[in-house]
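In what follows, a structure is listed as structure tokens, so that the remarks can point back to it.
For ligands, and for the atoms within them, numbers begin at 1 and follow the listed sequence. Heads up: numbering here begins at 1 and tracks the sequence.
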Amino acid sequence: MSQHLFQSYQPIAAIALTPSAVRILSPFCRSSGAILHLSASLAEQISHSEPKQIYHTSLKDHLAAIWPHYQALVFGVAVGAVVRLIAPLLGHKTEDPAIIVVAPEGQFVISLCSGHQGGADQLTRLIAQQLSATPIITSASTQLNLPSVDIFGDRFGWRKGQGDWNGVSSAIARLEPVQVIQEAGSTLWQNNLPTEHPFYFDLSDDVSFKGRIWISPTVRRFSETSEIAKVQWHPRVLWVGIGCIRGATMAQITAAVEQVLQRFHLAPKAIAGLSTIDLKADEIGLLEYAQSSQLPLKTYSAEVLKTVAVPNPSDIVEKAVNTPSVAEAAALEAAKEYGKAVLLVQKQITDAVTIAIAQSELEYIGRTGYIGLVGIGPGNLDQITPAASTAITSADVIIGYSLYTDLIQLLIHPSQIIESLPITQEVQRAQRAIQLAQWGLSVVVISSGDCGIYGMAGLVLEQLSLNRWDGKTPQVEVFPGISALQATASRVGAPLMHDFCAISLSDLLTPLDIIEKRLEAAAKADFVTAIYNPRSKTRLQPLLTAHEIFLKYRDPLTPVAIVHSVYRQEEEIFLTTLEKMLESPIDMLTTILIGNSTTFIHENWMITPRGYLKNF
Ligand code: SAH
């Protein structure tokens with residue numbers, strides 16, 4: 001499995017006290033990169049290859065030593081013992097590591113502490129999926145199927161501002177009316193709310209609110225005595241354009257930026273990044289400021305900057321650096337990379353530094369995007385691989401055809417963004433996935449069956465290659481699924497035991513003459529043949545042609561399986577022969593398997609000999 005899925009919880013420690021707990025936790029350690037912590041005596045009893053840390057003190061002392069260094073601790077230890085062990089170490093939920101307990105048989109995974117902010121709930125879901133265990137999550141918003149107010153902005157790189165987070169969370173948990181005033185940042189989080197939710201988005205709503213969520217680059221001061229619990233999230237939409245004299249110090253720049261932000265009531269946490277002219281790319285004070293505030297610094301040439309329309313161009317600046325504006329133009333130019341840009345603060349001049357601030361339409365997420373290409377299997381959730389379902393659960397965005405997003409509804413939780421597009425819009429789906437991943441989100445694109453067999457995987461990779469993708473950013477991973485031909489075969493026996501091939505009869509993307517050529521070749525070469533996309537309401541001819549071609553080369557009594565909606569509720573299975581195959585119902589949710597010259601039926605089981613018994 002992919003370590004990417006567990007990236008945001010690293011570093012993770014797994015703690016086991018018995019060999020059986022080591023056995024349960026080992027696969028998780030291998031796939032997540034978690035470090036297994038073992039006492040010296042336990043380490044002697046077992047052999048394994050995971051990264052491990054051996055301690056020689058008591059577990060209590062060892063935990064105290066490692067507590068500040070891990071984001072998550074996963075225990076294969078009884079809940080009662082874990083509670084006693086961690087009790088003296090617990091500080092505040094914003095700082096404590098996520099605490100998770102895996103039950104001794106691996107049947108339950110419990111989110112014990114730091115559920116929201118520490119990410120324990122989400123990590124619990126991921127581990128449970130991997131172990132095919134039941135996740136036990138007791139936080140209120142999870143029960144209500146609502147996004148948690150204290151984390152839902154994280155995926156967009158928003159930063160939490162001041163406020164009464166407990167107050168607003170409790171109001172939401174009680175389903176009391178909460179007003180949302182969103183002045184910036186993505187509204188995609190609103191799209192997947194359950195029908196019953198406490199949020200009011202319309203400013204004209206006249207309701208007696210118990211909570212308010214501001215989503216804005218502006219800082220609000222909340223009165224201590226207000227009846228309403230309020231919080232603020234700051235999407236990173238501010239681009240600070242900076243001009244400065246040679247040798248301006250970090251202290252001068254810091255002071256100038258802080259002053260301007262304060263004067264205009266803007267939140268430092270809403271800063272996306274800094275920008276300036278390329279001549280300043282080596283300005284030490286500026287570089288130090290960018291580094292210490294962990295902000296990206298974008299630089300532009302004078303040629304670019306002078307094309308930007310600004311309210312306060314200056315002749316003096318133009319004479320000095322060949323563009324009439326540095327701060328305003330650089331702020332706007334950087335903001336423009338993230339959608340429409342508006343100059344929020346015109347240039348403010350102090351002795352050494354000039355500052356202007358532009359607001360971008362889209363927030364800066366500040367992460368490298370990811371695309372998971374996921375096959376969800378033929379239907380029922382028990383036919384999906386744990387790796388695929390973990391990828392789905394950990395994604396920010398799930399893109400797929402609505403029939404498939406419905407099939408995986410149980411894996412999806414409310415703060416995830418679901419984008420279902422109609423079945424014909426594959427290219428749009430691929431482009432959307434790339435766009436969101438390039439922005440910094442982690443996206444999964446789902447296909448039924450296997451994503452790389454007549455699925456979305458190839459299309460997304462093709463599109464990426466057209467976008468001059470470097471193969472790394474966004475990071476891409478492919479998660480295989482059980483394809484219709486395997487699922488179909490499993491329901492009728494073992495027809496694919498010898499060489500086989502798959503042919504799609506859809507002529508939407510493949511010219512008919514090529515389909516015919518391949519049918520001829522497969523029929524002639526005696527391949528067991530799986531027919532995908534056999535017949536639509538309007539496309540009848542290719543199946544008739546396929547039938548004719550196979551009859552030319554194969555016995556009319558060759559066994560044929562016709563399976564409709566395999567592993568779904570509407571599943572129907574017909575075992576028939578080549579000559580009679582067209583008498584069974586066949587549609588676009590059907591896969592046909594035509595046996596080879598040795599395939600036979602025994603008591604309704606379709607069997608293709610591999611050849612073992614011939615030499616026996
Ligand atoms: N990626 C998919 C194939 C998509 S092409 C996979 O690997 O299975 C769509 C075709 O797949 C359908 O026309 C049908 O022939 C087949 N198919 C997909 N799901 C199916 C199911 N549940 N039962 C039977 N056939 C199915």
Side-chain angles (χ1 to χ4, degrees), residues 372-385 387-388 391-392 399-408 421-427 429-430 433 444-462 478-493 495-496 500-510 515 518-519 522 528-543 545-547 560-576 581-582 584-594 606:
L373 301 166
V374 177
I376 61 166
N380 256 3
L381 274 189
D382 58 3
Q383 299 292 332
I384 190 170
T385 68
I392 292 171
I399 294 186
Y401 164 44
S402 46
L403 174 66
Y404 306 151
T405 47
D406 289 349
L407 284 172
I408 54 158
L421 285 164
I423 187 127
T424 48
Q425 308 210 344
E426 285 80 13
V427 176
R429 252 182 271 159
V444 295
V445 182
I446 57 173
S447 301
S448 80
D450 185 87
C451 56
I453 299 180
Y454 310 122
M456 289 293 294
L459 175 55
V460 172
L461 288 169
E462 260 183 274
V478 186
F479 294 85
I482 297 173
S483 188
L485 73 88
Q486 293 158 285
T488 301
S490 73
R491 300 298 282 141
V492 295
L496 302 179
F500 64 89
C501 67
I503 298 179
S504 162
L505 296 192
S506 168
D507 59 355
L508 282 178
L509 304 170
T510 314
I515 299 176
R518 291 185 182 157
L519 285 166
V528 178
T529 305
I531 308 259
Y532 282 74
N533 302 302
R535 176 158 74 191
S536 74
K537 290 206 183 82
T538 53
R539 180 169 45 75
L540 309 172
Q541 187 54 43
L543 184 62
T545 311
H547 188 226
V560 169
I562 295 182
V563 182
H564 171 85
S565 286
V566 61
Y567 287 107
R568 295 185 191 158
Q569 236 164 12
E570 314 75 39
E571 180 181 87
E572 276 186 293
I573 302 174
F574 305 92
L575 272 184
T576 175
M581 70 178 241
L582 297 181
S584 304
I586 294 174
D587 63 8
M588 281 300 275
L589 280 177
T590 307
T591 300
I592 303 176
L593 293 179
I594 304 176
M606 183 172 176

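- Contact check on Arg429 versus Glu426 returns a salt bridge, with a Lys/Arg side-chain nitrogen under 4.0 Å from an Asp/Glu carboxylate oxygen.
- Asn533 meets the side chain to side chain contact (heavy atoms under 4.5 Å, CB included) test with Ser504, Ser506, Arg539, Met588; sequence neighbours excluded.
- Formation of a donor-acceptor pair under 3.5 Å by the Ser565 side chain with backbone atoms of Arg568 is not found in this model.
- Cation-pi geometry between Arg491 and Tyr567 is met: the NZ or CZ atom falls under 6.0 Å from the ring centre, inside 45° of the normal.
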Run the side chain to side chain contact (heavy atoms under 4.5 Å, CB included) check on Ile376 and Ile392 step by step: do they pass?
-> CA-CA 9 Å; Ile376 61 166; Ile392 292 171; 3.8 Å; yes
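- Protein residues having a heavy atom under 4.0 Å from any atom of ligand 1 are Pro378, Ser448, Gly449, Asp450, Ile453, Tyr454, Ser483, Ala484, Tyr532, Asn533, Pro534, Val563, Ser565, Val566, Arg568, Met588, Leu589, Thr590, Thr591, listed by chain and number.
- Counting heavy atoms of neighbouring residues, nucleotides and ligands inside a 6.0 Å radius, atom CD of Gln569 does not exceed 12 of them.
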